[in-house]
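Below is one structure; the comments refer to it alone.
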Amino acid sequence: MVERNAPHTAGRVTTAPAGAPAPAVAELLDAMHAIDADGWYPAIDVERPWSSANPHITGEFARPSAIREYLRRELSALIRAGANVTVRASRRALAFDDPGFFAALDEDHVDLRGKKLFLFGPERMALSLDRLWHYCGTPAEAFQRHVLFTNYAMHVESFRERFPDAEGPDRPGVQMPAWHHRTPAGDGVTLVDIGVGPSNAKTITDHLAVLRPDTMIMIGHCGGLRNHQRLGDYVLATAYQRADHVLDEVLPTDIPVIPNHRLNTILLDGLEAAGAGYRLGVVHTTGNRNWEFNQRRTLAAMKGARCIAVDMESATIAANGFRYRIPNATLLCVSDKPLHAAPKLSDGARSFYEASKRRHLDIALSALERVRSDFPDGLPNQDVRASDEPLLGTETQH
């Protein structure tokens, strides 16, 4: 079942044939860790006899310990489907200060429509894993399959009350502190306080993408734009008006970005079960925290798209979710109504936040519990492939 062609890690080849039992997958993963520890990039080769267009797919990794449970799930699914999977040492890992490392990070040379298991090169993965620790204060290995984003410390407080054993930053003062409710299978929940604005939202999702999370949900606050919304009502985004502009060069604004339908349906069920007031519709995400000072163009855009809310992060997270094919959704809470003489003011904001924080988090967590129960292998793939996609076809694809 398992073959090793050389005594040294660099020459090791570990293979699990179609139908191999679970211990064989563990051997594949252990082989990857050994190769990585010896300073090489481990590569995975997959032979898929059912595919006439792409019978052989391959990819390299860095620090596979960060995604061990994800790899276990994906490789097990491939083997059950009839694939032969081989792990081998590919090439010497590049140091961060190697001139070739910088060039390897350029996504302009990467087809982001490729198979999700091999979406990122090892250099890109290595840098992002290091950046996660830098920005969030916790090792990448602590991140769970489900990720919540907030821009308020109150949600962190509520999360820590709910999960007293949550693992948090190993030092004070990190830019985007993360807290993790860990499970043995790695399918727990991570909460990241990303602060305010689209720049941080882009930065963290750029790096989180290498972990291939099962879900990303924004649970921040927003300004309600409709007459009949009340403070404390919820907004479930069905689409986004992207006025944040931080991803325009890599994802033009005329490309539609929408949340994951199944995830939205589960969140909607959660809102109904909680008896919460809500509206579904378009969220306008701006990069201008003081958009009220120059209203004409912004108001015209909001009215044209019939927006129901305005915030500063949701469309950014959704756009990177689209780029990197990560199921995502947005569940916001109305904290002010800028068009209805109810701006966000300090005294009123504090009392509103205290009253709303636990309920907001509970609705999101209950939705993730259902995702974990109903879709233990991850939400079904909702990718829309381009018409020239080489993997497009009628055959079953993993």
Distance-only polar pair, side chains of Thr58 and Asp45, donor-acceptor under 3.5 Å: yes

Pair Lys337 + Asp233, salt bridge at N-O below 4.0 Å: no

Does a side-chain N-to-carboxylate-O contact under 4.0 Å join Glu107 and Arg323? yes

Using the test side-chain contact (heavy atoms from CB on, under 4.5 Å), find all partners of Asp130 that sit at least two apart in sequence or belong to another chain. Phe96

Test salt bridge (Lys or Arg N to Asp or Glu O under 4.0 Å) on Asp214 and Arg73 and set out the steps. CA-CA 12 Å; Asp214 287 347; Arg73 187 180 78 185; 2.9 Å; yes

Assess the side chains of Arg124 and Ser128: does a donor N or O sit below 3.5 Å from an acceptor N or O? yes

Going by the rule side chain to side chain donor-acceptor pair (under 3.5 Å), which residues pair with Arg370 if we only count those two or more places apart in sequence or in a different chain? Asp269, Asp374

Taking side chain to side chain donor-acceptor pair (under 3.5 Å) as the definition, give me every residue that meets it alongside Arg212, ordered by chain and number, with sequence neighbours left out. none

Any residue meeting side chain to side chain donor-acceptor pair (under 3.5 Å) with Asp97, in chain and number order, not counting sequence neighbours: none

Pairwise salt bridge (Lys or Arg N to Asp or Glu O under 4.0 Å) hits with a residue in residues 272-291, at least two apart: none

Residues in ring-ring contact (aromatic ring centres under 6.0 Å, His included) with His360, at least two apart? His155, Tyr234

Phe293: what forms a ring-ring contact (aromatic ring centres under 6.0 Å, His included) with it, not counting sequence neighbours? none

Only distances under 3.5 Å count here; give the side-chain donor-acceptor pairs of residues 196-205 to other protein atoms, sequence neighbours excluded, each with its distance to 0.1 Å.
unit_1, atom_1, unit_2, atom_2, d
Asn200, OD1, Gln175, NE2, 2.8
Asn200, ND2, Ile194, O, 2.8
Lys202, NZ, Asp206, OD2, 2.5
Thr203, OG1, Ser199, O, 3.0
Thr205, OG1, Ala201, O, 2.6
Thr205, OG1, Lys202, O, 3.2
Thr205, OG1, Asn320, ND2, 2.9

Partners passing ring-ring contact (aromatic ring centres under 6.0 Å, His included) against Phe375 (at least two apart in sequence or in another chain): none

Charged N-O contact under 4.0 Å between Glu123 and Arg91: yes

State whether a side-chain donor-acceptor pair under 3.5 Å links Thr14 with Glu27. no

Sequence neighbours excluded, the answer for ring-ring contact (aromatic ring centres under 6.0 Å, His included) partners of Phe159 is Phe163

Are any side-chain N or O atoms of Thr183 and backbone N or O atoms of Asp187, one a donor and one an acceptor, separated by less than 3.5 Å? yes

Do the side chains of Arg63 and Glu141 get close enough for a salt bridge, i.e. N-O under 4.0 angstrom? yes

Listed once per pair and sorted, the salt bridge (Lys or Arg N to Asp or Glu O under 4.0 Å) pairs that draw on residues 240-258, sequence neighbours left out: Arg242-Asp248

Distance-only criterion, 3.5 Å: show the donor-acceptor pairs between side-chain atoms of residues 298-312 and protein atoms not counting sequence neighbours.
unit_1, atom_1, unit_2, atom_2, d
Asp311, OD1, Thr285, OG1, 2.7
Asp311, OD2, Ser314, N, 3.0
Asp311, OD2, Ser314, OG, 2.5

I want to check something: taking the side chain as every heavy atom from C-beta on, are Val246 and Thr316 in contact at a cut-off of under 4.5 Å? yes

Determine whether the side chains of Trp133 and Asp170 contain a donor N or O and an acceptor N or O closer than 3.5 Å. yes

Can you check ring-ring contact (aromatic ring centres under 6.0 Å, His included) on Tyr324 and Phe120, steps first, answer last? CA-CA 10 Å; Tyr324 296 129; Phe120 298 100; 5.3 Å; yes

In the structure I gave you, are the side-chain heavy atoms of Arg48 and Pro55 within less than 4.5 Å of one another anywhere? no

Which of these passes side-chain hydrogen bond (donor to acceptor under 3.5 Å, both in side chains) with Glu167: His180, Gln144, Arg182? Arg182

